[in-house]
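Here is how names work: the chains are called A, B, and so on, in the same order as the sequence lines, proteins then strands, and each is numbered from 1.
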Amino acid sequence: MNAKPWKVESMRNHFGQALVDLGRNRDDIVVLGADTTESLKTSLFGEAFPDRLFNVGIAEQNMVAIAAGLAMSGKVAFACTYSVFGTSQVYNIIRQSVAYPDLPVKIFCSHAGLTVGPDGATHQMNEDVGLLRSLPNMKVLVPCDGLEVGKAVHLAAEVSGPLYCRFSRAKFPVLTAPEDPFALGKATVMRDGDDVALVATGIMVSRALEAAEELATQGVDARVVNNSSVKPLDRETLLRAARDTGAVVTAEEHTVLGGMGSAVSELLAQEYPVPMQIIGVPDIFGESGDGFAVLDKYGLTAESMIKAAMHVLSTKEAVA
Amino acid sequence: MGLDQALIDELDERARVLRVHVVKMTHAARSGHPGGSLSAADVIAALYFHILRLDPKDPSWVDRDRFVLSKGHGCPVLYAALAERGFFPVDDLVTLRKLGSHLQGHPEYGTTPGIEAPAGAEGQGLSISIGMALAGRMDGRDYRVYAMLGDGENDVGQTWEAAMAGANFKLDNLTAILDRNQLQQERRTEDIMSLEPLTDKWRAFGWNVLEIDGHDMESILEALYEARTTQGRPTMIVAQTVKGKGVSFMENVLRFHGTAPNDEELEQALSELGEPS
Ligand SMILES: Cc1ncc(C[n+]2csc(CCOP(=O)(O)OP(=O)(O)O)c2C)c(N)n1
Ligand SMILES: [Mg+2]
């Protein structure tokens, strides 16, 4: 299948620039990094506001708890590093010192998922969404492109309490426009269709759009939903998609256990059960290789989504 | 002490060959961490070609010495040493970081022959080494455990938990080597989270601390010998090194922490290392 000719962009450039824009209007914003400020472009914030950026070195536990202390003292603290180090490395610090006291600590992490590529399994964080979404008070965002990452920064500063946002090292296709809305608890319908719903996050949104195009040539009208607000979920949009189509496929660059697909299945199983397939990283660790080649090897492809769509469609028909 | 000059020459040559592999491997992978591999090359050569008791044909021999690379991103130089020592074919080296290769971007335990521990997230290796040293003592085995840390790993709290544990358990079968190359990922260590006075800190934590020029083979060997005979506490060898050592344009250059040489840079690096490209 031909990949669409989308423009690709660094998500981290948008991230760094959005923090600078935010910092200009809000002097309660502080940013922390862990020997990763150049990499995440939080160094831009440091150049603009040298006394509001704290690089604590390779000390993520310290970073998150310092962020908690800053948040207890009137600051809105952005703790930023690679997703494996900003989540699993510091899980109980987040749990006890951030989520439990419901503090405005915003954990923004790049380098999520398999597209980290050659660094291999130790750095390919495929469990973060599941870990973070199970914490009370925590909100979880998974933007699909750089523009959404920028909007997530501003959104995070507006909403109360803790929030986790995961994005990627790889350049991602630009799928949204600057004027498109981006809100907590809101999913976006990227393409209309009533036969099957493809609900995706991150890189898989572009692959869902490719899958939908191919499905259209086979007479299947797929709705594509960008489910960037994993917690809280957009119940209305998701339930409507389930009702209108009666068949749902989710896709995410994350383990199939506990991530966005799990969140959607928890909702649908309890409120409107329909045939459903979850596409994601199987229950195994990743491996080194070109990031997009690893995605393909693990079945995070438009082809897998088409196959899954056909499967849920036939189940729907069998039931009906 | 006056060590055998022939041995020193041989180990220096081994280190040169390891450096050649490092630049070739990271170039072929178009990614990876040459800087911290090159700074560690001399110590790794001393360990793998003289100090460690190993059997490449039996990588899980119970009485082998263990080497744990805590700074896992420096694995290219370790893979090169393992290959040159016969654990797997030298030809495998250029598959580093490629899909399907057993040479992962960061060490994978149980896959690559000779790799003793997983690493990637900084700061876990010294604790693992303590577990191995405790087990060796429990079982009455005389193997020794070696761990190599990056100086950036002194930022990590767990490193100091391990420092306390090593001294508390009086692990004289444990030797750590700190690759004190002054740089971490994006700055000098002293410009991010000041570490100094670093040898005093390790001494205060109860370790036998030796400070050496980590590119001087004679000093490396003398320190490793002394560690072997030290009783009642673990030894920390602070090896003063240069990140990127051996390739002029990589020396002390932050970019080569995590960037591979391009075609031109490879050629220049090989010529500086006295290797036809
Ligand atoms: C816990 C953790 N946080 C962040 C990183 C990302 N990272 C990889 S290497 C590195 C710097 C390492 O510096 P150092 O230990 O001095 O290694 P060397 O200079 O020998 O390459 C960082 C921050 C990591 N690997 N682990
Ligand atoms: Mg260093």
Item checked: Check: A:Cys165 and A:Phe15 side chains under 4.5 Å, non-hydrogen atoms -> no
Next item on the list: Find out whether B:Ile128 and B:Met132 are in side-chain contact, i.e. whether some heavy atom of one side chain is under 4.5 Å from a heavy atom of the other.
Entry: yes
Checklist line | Partner chain B: residue of A:Ala121, A:Gly117, A:Gly57, A:Pro118 with the largest heavy-atom pair count (under 4.5 Å) | finding: A:Pro118
Notebook entry, point to check: Does the ring centre of B:Phe67 sit less than 6.0 Å away from the ring centre of B:Tyr48?
Noted result: yes
Notebook entry, point to check: Checking B:Ala29 against chain A: side chain, backbone, both or neither under 4.5 Å from a heavy atom?
Noted result: neither
Note to self: Name the residue from B:Asp200, B:Leu195, B:Thr199 that meets the side-chain contact (heavy atoms from CB on, under 4.5 Å) definition with B:Pro197.
What the structure shows: B:Asp200
Margin query: Let's test your reading of the structure: which of B:Gly123, B:Gly157, B:Gly120, B:Pro107 forms the most heavy-atom pairs below 4.5 Å with chain A?
Written below: B:Gly120
Next item on the list: Check for a donor-acceptor pair, side chain of B:Glu265 on one end and backbone N or O of B:Asn262 on the other, with a separation under 3.5 Å.
Entry: yes
Note to self: What's the separation between atom CE in A:Met63 and atom SG in A:Cys80, rounded to the nearest 0.5 Å?
What the structure shows: 7.0 Å
Checklist line | B:Arg180 CZ to B:Leu149 CG distance, which is reported to the nearest 0.5 Å | finding: 12.5 Å
Short donor-acceptor separations (under 3.5 Å), chain B to chain A:
{"unit_1": "B:Arg97", "atom_1": "O", "unit_2": "A:Gly289", "atom_2": "N", "d": "3.4"}
{"unit_1": "B:Arg97", "atom_1": "NH1", "unit_2": "A:Asp119", "atom_2": "OD1", "d": "3.1"}
{"unit_1": "B:Arg97", "atom_1": "NH2", "unit_2": "A:Asp119", "atom_2": "OD1", "d": "2.7"}
{"unit_1": "B:Gln104", "atom_1": "OE1", "unit_2": "A:Ser288", "atom_2": "N", "d": "2.8"}
{"unit_1": "B:Gln104", "atom_1": "OE1", "unit_2": "A:Ser288", "atom_2": "OG", "d": "3.4"}
{"unit_1": "B:Gly105", "atom_1": "N", "unit_2": "A:Ser288", "atom_2": "OG", "d": "2.7"}
{"unit_1": "B:His106", "atom_1": "ND1", "unit_2": "A:Asp119", "atom_2": "O", "d": "2.8"}
{"unit_1": "B:Asp155", "atom_1": "OD2", "unit_2": "A:Ile58", "atom_2": "N", "d": "2.8"}
{"unit_1": "B:Val156", "atom_1": "N", "unit_2": "A:Ile58", "atom_2": "O", "d": "3.4"}
{"unit_1": "B:Gln184", "atom_1": "NE2", "unit_2": "A:Asp35", "atom_2": "OD2", "d": "3.1"}
{"unit_1": "B:Gln185", "atom_1": "N", "unit_2": "A:Asp35", "atom_2": "OD2", "d": "2.9"}
{"unit_1": "B:Gln185", "atom_1": "NE2", "unit_2": "A:Asp35", "atom_2": "O", "d": "3.1"}
{"unit_1": "B:Gln185", "atom_1": "NE2", "unit_2": "A:Tyr82", "atom_2": "OH", "d": "2.9"}
{"unit_1": "B:Glu186", "atom_1": "N", "unit_2": "A:Asp35", "atom_2": "OD1", "d": "3.1"}
{"unit_1": "B:Glu186", "atom_1": "OE1", "unit_2": "A:Thr37", "atom_2": "N", "d": "2.8"}
{"unit_1": "B:Glu186", "atom_1": "OE1", "unit_2": "A:Thr37", "atom_2": "OG1", "d": "3.3"}
{"unit_1": "B:Glu186", "atom_1": "OE1", "unit_2": "A:Glu38", "atom_2": "N", "d": "2.6"}
{"unit_1": "B:Glu186", "atom_1": "OE2", "unit_2": "A:Thr36", "atom_2": "N", "d": "3.3"}
{"unit_1": "B:Glu186", "atom_1": "OE2", "unit_2": "A:Thr37", "atom_2": "N", "d": "2.9"}
{"unit_1": "B:Glu186", "atom_1": "OE2", "unit_2": "A:Thr37", "atom_2": "OG1", "d": "2.7"}
{"unit_1": "B:Glu186", "atom_1": "OE2", "unit_2": "A:Asn55", "atom_2": "ND2", "d": "2.8"}
{"unit_1": "B:Arg187", "atom_1": "NH1", "unit_2": "A:Glu38", "atom_2": "OE2", "d": "2.9"}
{"unit_1": "B:Arg187", "atom_1": "NH2", "unit_2": "A:Glu38", "atom_2": "OE2", "d": "3.4"}

